[in-house]
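Notes follow once the structure below has been shown.
As the structure is a prediction and not an experimental result, all values here were calculated from the model.
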Amino acid sequence: MSGFVFNPTAEATPTGPEPIVTNDGWFPDIDPAAVRKAISVREGVLPDRLREAIVSAILSAGNDLATWAAAQQLLGHADLAAVPARVVGGESRLLALYRRAVCAFVKAELAERYRDNDLTAAGQRDVSELTVAVDELRRDARHAIRDMLGRTRTTVELL
């Protein structure tokens with residue numbers, strides 16, 4: 001029997017507010033605290049790891065929306081918040097969809113990176129279940145992006 005105990009939460013608990021992840025100036029900045037709350041990020045996820053996942057998510061969403069964003073800028077919209085859109089819950093639906101896409105990409109990446117920690121003795125979740133969850137999160141992100149673009153969510157494959 002080994003005396004080694006791994007306790008990631010002891011050292012991982014943020015000691016202060018995590019700095020905002022600045023975006024490209026057109027898309028909104030992302031607050032790690034809001035992401036933690038929105039997707040229920042465990043305390044064991046270090047701030048640096050969360051920040052890395054947020055940057056990756058911003059890049060993924062930005063790549064998918066680059067052409068659309070360029071067109072919006074040519075129309076004179078200074079940032080995403082300035083693009084005309086319906087307001088839901090007091091905020092532009094485009095901002096809500098963008099955050100949804102980023103959060104889904106973040107959660108998918110964290111689920112992949114922390115896969116070994118999710119396979120606890122109590123849960124004994126099958127790796128295939130986690131793969132399905134990651135795929136569903138990436139699908140949710142793509143749906144939010146397609147909603148922003150005004151495209152349908154239908155994907156057709158020819159076999």
Review point. Between A53 and E109, what is the shortest heavy-atom contact and its length?
Key: CA-OE2, 3.8 Å

Exercise for review: Find the distance between CG (L59) and CG (D64) and round it off to the nearest 0.5 Å.
Suggested key: 11.0 Å

Point to revise | Side chain to side chain, D79 and P28, heavy atoms closer than 4.5 Å | key: no

Point to revise | Closest contact, heavy atoms only, R93 versus A85 | key: CG-CB, 4.1 Å

Check your understanding: Taking the side chain as C-beta and beyond, is there a heavy-atom pair between R142 and R139 under 4.5 Å?
Key -> no

Review point. Sub-3.5 Å donor-acceptor pair from the side chain of R146 to the main-chain atoms of R151, do we have one?
Key: no

Revision key, fill the gap. Between I54 and V106, the two heavy atoms sitting closest are CA-CG2, 3.7 Å

Point to revise | Short N-O contact, E91 and R99, less than 4.0 angstrom | key: yes

Review point. Quick one: CD1 on I39 to CG on L50, what's the gap to the nearest 0.5 Å?
Key: 7.0 Å

Review point. Are K107 and E112 ion-paired here, with the side-chain N under 4.0 Å from a carboxylate O?
Key: no

Check your understanding: Is it true that a side-chain atom of N23 and a backbone atom of G25 form a donor plus acceptor pair closer than 3.5 Å?
Key -> no

Exercise for review: Kindly compute the distance separating CD (E52) from CG (L46), expressed to the nearest 0.5 Å.
Suggested key: 10.5 Å

Point to revise | Non-hydrogen atoms of I30 and I20 that approach each other most closely | key: O-CG2, 3.6 Å

Check your understanding: Between S60 and S56, is there a donor-acceptor pair closer than 3.5 Å when you use the side chain of the first and the backbone of the second?
Key -> yes

Check your understanding: Got a second to check how far Q72's CD is from T67's OG1, nearest 0.5 Å?
Key -> 11.5 Å

Practice item. Check ring-ring contact (aromatic ring centres under 6.0 Å, His included) between Y98 and all other residues, then give those that pass, not counting sequence neighbours. Key: F27

Exercise for review: Answer yes or no: is there a side-chain heavy-atom contact under 4.5 Å between I145 and F105?
Suggested key: yes

Check your understanding: So, for P84 and H77, which heavy atoms are closest and what is the spacing to 0.1 Å?
Key -> CD-CE1, 3.2 Å

**Study point:** Test log, rule side-chain contact (heavy atoms from CB on, under 4.5 Å), inputs H143 and M148
**Key:** CA-CA 9 Å; H143 282 182; M148 288 180 72; over 6 Å; no

Revision key, fill the gap. What one should report as the nearest heavy-atom pair of V35 and V41 is O-CG2, 4.2 Å

Practice item. Flag yes if V88 and V102 sit in one hydrophobic cluster, no otherwise; membership is Ile, Leu, Val, Met, Phe, Trp, Tyr, and two members link when side-chain heavy atoms are under 4.5 Å apart. Key: no

Exercise for review: For the residue pair S92 and L80, establish whether any side-chain heavy-atom pair is separated by less than 4.5 Å.
Suggested key: no

Practice item. Decide yes or no for R113 and R49: does some side-chain heavy atom of the first lie under 4.5 Å from some side-chain heavy atom of the second? Key: yes

Check your understanding: Can you find a pair of side-chain heavy atoms, one from E18 and one from R36, that are under 4.5 Å apart?
Key -> yes

